[in-house]
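See below for the structure under consideration.
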Amino acid sequence: MTVRTRFAPSPTGYLHIGGLRTALFCWLYARRHGGKFILRIEDTDLERSTQEAIRQIIDGMQWAGLDHDEGPFYQSKRFARYQEVIDGLLAEGNAYRCYCSKEELEALRAAQVARGEKPRYDGRWRERTDARSGVDPVIRFKNPLTGAAVVEDAVHGRVVFQNSELDDLIIARADGTPTYNFCVVVDDMDMNITHVIRGDDHLPNTPRQQNMLLALGRRPPVYAHLPMILGADGAKLSKRHGAVSVLQYRDEGYLPEALLNYLARLGWSHGDQEIFSMDEMVRLFDIADVNKSASAFDAEKLGWLNQQHMMRAPPDRLLEPLRRQLAQAGIDADDDQKLGRIVVAQRERAKTLREMAQSSVFFYRAPQAYDDKAVRKHVTAQTVSLIAQALRGFRGLDDWSAAAIHGLIGAVAAAGGVALGKLAQPLRLAVCGGPVSPPIDLTLAILGKDETLARVARAAAAWQSAP
RNA sequence: GCUCCCUUCGUCUAGAGGCCUAGGACACGGCCCUCUCAAGGCUGUAACACGGGUUCGAAUCCCGUAGGGAGCGCCA
């Protein structure tokens, strides 16, 4: 039997970290077993579902590279099918019409809560066949009254729910539209889903869904309920925890493979390994290695992983996303060769592509000012003269390679009787305006001879009156 | 309130009864490297929620307790 998994978000908001992690595990499992990954949009709540959310979910999945083999299917387009199944259930006596008004149900709930009981429908219309005029009935599933629903969960193990704890849930509203718990069952059945992998907030729904599947004469799929992802403070992930839409991570300069690697390690592990390529994850992923406890989202570790992935990726991989980041700063980085050198020079000193872009602006734009504190610390009359000598040397340097530049700077510093840093820092300040950059020789090499000469000359003039 | 789930360093985790003096990673501190910042190397601080069992032996199995979470909608 081929494995078939599905990711089934409801388009009532953006695709967030938790959803992406669920999608990742579904995708990994399908890919690992040569199965199919299906995307299904659960938009039965016509009020709250939006086209914008659907677009964002699909964009997010695409950016992450979690490609689906079938779909996207829309529940809103399958109402006829749901109706058909409801009619069948009704005909077989596995569902019934309930004429309770919302007010009546609210009163029932209030009384139960007052008595300290779990609020639930008491089945008052379960055996009635009459109708009540003036009220549009809802359809309820006739849940077994006795026995237990045993869920064999792939991550939690056997979980037993007593049927007496379950009530007859509504599968169709008074207006005839089907509800979530029912649609999921019909869809998973029709789409031949073999493994339902989802957040463990759904675990309490599972016995009802399984009972419906059984009533429909189907064998339940394998269920795997993943632990939740919490915010850094251990509280439920919410808007307060910063970036929430996965597209925001793209915009902030994270590599999808790094985000996915981070997310995979939340709740899953393979020995002591921390860094995984997509291929490795596909090859190594197994539901058996998923743990049961919720985990807190740690932005620091994500940043570290992103850097590790940036350092390992072929430099070409970073060209486009870095170019987009630079464009944000108004820079048109159209020279691939130069950009590639910048990537190699900067990747080990940035957590994100955005950071990399920000610290690389000077490669395209001469500094408008020099960092005051750094000038006071590094610029003296002596450095001005050293710079003048370096400048003369640069002019006569035909080989503008990092090695040649390094040799020249080293010689000038040695002749002046100072350590390399005494010259490197002022030069760095001259070309980038601040005290931080990649190694000075590499920096000047990438910048180019003409630009270096212009910037250094300008700085030398500005610092003429240094003490 | 009821049902269900969860519980190893601050965080992510390894750990399937002896290999645990509890390992790795992020973060944090120190040292090294070094033209800055990083990256890298070495190193340090830091955890089995608690209480009972079972066993020659328990982080690992069982039972309680505590804490956390989810669900209990004509939402998904």
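Letters go in sequence order (proteins before strands), and every chain restarts at 1. Because only heavy atoms are used, hydrogens play no part in the values below, and waters and symmetry mates are left out as well, while side chains stay in.
Among the heavy atoms of the strands lying under 4.0 Å from A:Ile440 is at least one base atom, whether or not backbone atoms are also near. The residue A:Gly267 sits close only to the backbone: its heavy atoms come under 4.0 Å of sugar-phosphate atoms, none of a base. Among the heavy atoms of the strands lying under 4.0 Å from A:Val138 is at least one base atom, whether or not backbone atoms are also near. Looking at heavy-atom distances under 4.0 Å, A:Ala174 makes contact with a base. Using a 4.0 Å heavy-atom criterion, one finds that A:Val184 contacts no nucleic acid atom at all. Across all strands shown, A:Cys432 has no heavy atoms under 4.0 Å from either base or sugar-phosphate atoms. The residue A:His225 sits apart from the nucleic acid: no heavy atom pair falls under 4.0 Å.
A straight line from CG of A:Leu305 to P of B:rU13 spans 13 Å, rounded to a whole angstrom. The nearest whole Å value for the distance from the CD atom in A:Gln162 to the C1' atom in B:rU3 is 10 Å. Between A:Asp200 atom CG and B:rC6 atom P there is a gap of 9 Å when expressed in whole angstrom units. Atom C1' of nucleotide B:rG24 and atom CZ of A:Phe276 are separated by 12 Å, given to the nearest angstrom. Atom pair A:Asn205:CG and B:rC72:P shows a separation of 7 Å (rounding to whole Å applied). Remark: P of B:rU34 and CG of A:Asp441 are 14 Å apart, rounded to the nearest angstrom. Counting to the nearest Å, the P atom of B:rC74 and the CZ atom of A:Arg140 are 7 Å from each other. In this structure, A:Leu108 places its CG atom 13 Å from C1' of B:rG73, rounding to the nearest Å.
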Under 3.5 Å between N/O atoms: give me all the protein pairs with nucleotides 14-16 of chain B, atom names plus distance.
{"unit_1": "B:rA14", "atom_1": "OP1", "unit_2": "A:Ser269", "atom_2": "OG", "d": "2.9"}

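In this entry B:rC35 has no Watson-Crick or G-U wobble partner, no candidate having both defining distances under 3.5 Å. Under the Watson-Crick or G-U wobble criterion, with both distances below 3.5 Å, B:rG18 is paired with B:rC56. In this structure B:rU3 sits in a base pair with B:rA70, meeting the Watson-Crick or G-U test at under 3.5 Å. Both distances falling under 3.5 Å, in either a Watson-Crick or a G-U wobble arrangement, place B:rG51 opposite B:rC63. Of the nucleotides present, B:rU11 is the one that pairs with B:rA25 by Watson-Crick or G-U wobble criteria, both distances under 3.5 Å.
Between A:Arg115 and B:rG1 there is no side-chain polar atom (N or O) within less than 4.0 angstrom of OP1 or OP2. Between A:His406 and B:rC35 there is no side-chain N or O to OP1 or OP2 distance below 4.0 Å. Within the structure, a side-chain polar atom (N or O) of A:Ser295 is placed less than 4.0 Å from OP1 or OP2 of B:rU13. In this model, the phosphate group of B:rU3 is not approached by any side-chain N or O of A:Lys118 to a distance below 4.0 Å at OP1 or OP2. Contact annotation: A:Thr44 reaches the phosphate of B:rA76 (side-chain N/O to OP1 or OP2, under 4.0 Å).
Across the C1' atoms, B:rC56 and B:rA66 are found 31 Å apart, a figure rounded to whole Å. For the P atoms, the distance linking B:rC6 with B:rG64 amounts to 14 Å, nearest Å. Atom C1' of B:rU45 sits at a distance of 36 Å from the matching atom of B:rU54, rounded to the whole Å. Nucleotides B:rA58 and B:rC72, compared at atom C1', are 37 Å apart to the nearest Å. Between B:rG17 and B:rC62, the two P atoms lie 12 Å apart (nearest whole Å). Comparing the P positions of B:rG40 and B:rA27 gives an interatomic distance of 9 Å, to the nearest angstrom. B:rU7 and B:rA47 have their C1' atoms separated by 12 Å, with the value rounded to a whole Å. Separation of the C1' atoms belonging to B:rC4 and B:rG44 is 43 Å when rounded to the nearest angstrom.
For the pair A:Arg140 and A:Tyr121, the distance from NZ or CZ to the six-membered ring centre is under 6.0 Å and the angle to the ring normal is within 45 degrees. The cationic group of A:Arg283 does not satisfy the cation-pi geometry with A:Phe285, failing either the under 6.0 Å distance to the six-membered ring centre or the 45° limit from the ring axis.
Side-chain contact check for A:Gln83 and A:Asp87: at least one donor-acceptor pair (N or O, by modelled atom type) lies under 3.5 Å. No donor-acceptor contact under 3.5 angstrom links the side chains of A:Asp167 and A:Asn143, judged on distance only. For the residue pair A:Ser49 and A:Thr12, no side-chain donor N or O sits within less than 3.5 Å of a side-chain acceptor on the partner.
Counting heavy atoms from C-beta outward, A:Phe7 and A:Arg40 have side chains that stay 4.5 Å or more apart. Counting heavy atoms from C-beta outward, A:Asp200 and A:Leu226 have side chains that stay 4.5 Å or more apart.
The side chain of A:Lys292 approaches B:rC6 more closely than any other nucleotide in the set B:rC6, B:rC35, B:rC72. Of the candidate nucleotides B:rU11, B:rA76, B:rU8, B:rA76 has the atom lying nearest to any side-chain atom of A:Tyr180. Closest contact between the side chain of A:Pro204 and the listed nucleotides B:rC74, B:rG1, B:rG71 involves B:rG71. Nearest to the side chain of A:Glu165, among B:rC4, B:rC2, B:rC26, sits B:rC2.
Nearest-nucleotide assignment on RNA chain B puts the 5′-proximal partner with A:Arg265, out of A:Arg265 and A:Arg208. Checking A:Thr12 against A:Gln425, the closest nucleotide of RNA chain B that is more toward the 5' end is the one next to A:Gln425.
For B:rC35, the base has a donor-acceptor partner in the side chain of A:Arg428 [N/O atoms by modelled type, under 3.5 angstrom]. Put simply, the side chain of A:Glu274 and the base of B:rG24 share a donor and an acceptor less than 3.5 Å apart.
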**Prompt:** Base, backbone or nothing for each nucleotide of nucleotides 37-44 of chain B, written B, S, -, heavy atoms under 4.0 angstrom, 5' to 3'?
**Reply:** BBSS----
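Ring centroid separation for the pair A:Phe297 and A:Tyr262 comes in under the 6.0 Å cut-off. Between A:Tyr96 and A:Trp125, the gap from one ring centroid to the other reaches at least 6.0 Å.
Annotation: ring pair (Phe, Tyr, Trp, His ring centres under 6.0 Å) contacts of A:Tyr254 (sequence neighbours excluded): A:Tyr249. Annotation: ring pair (Phe, Tyr, Trp, His ring centres under 6.0 Å) contacts of A:Phe276 (sequence neighbours excluded): A:Trp268. Considering only residues two or more places apart in sequence or on other chains, A:His16 meets the ring pair (Phe, Tyr, Trp, His ring centres under 6.0 Å) condition with none of them. Take A:Glu152 and apply the side chain to side chain donor-acceptor pair (under 3.5 Å) test, not counting sequence neighbours, and it matches A:Arg158.
Between A:Trp400 and A:Phe394, the two ring planes are perpendicular [angle over 60°; tilted spans 30° to 60°].
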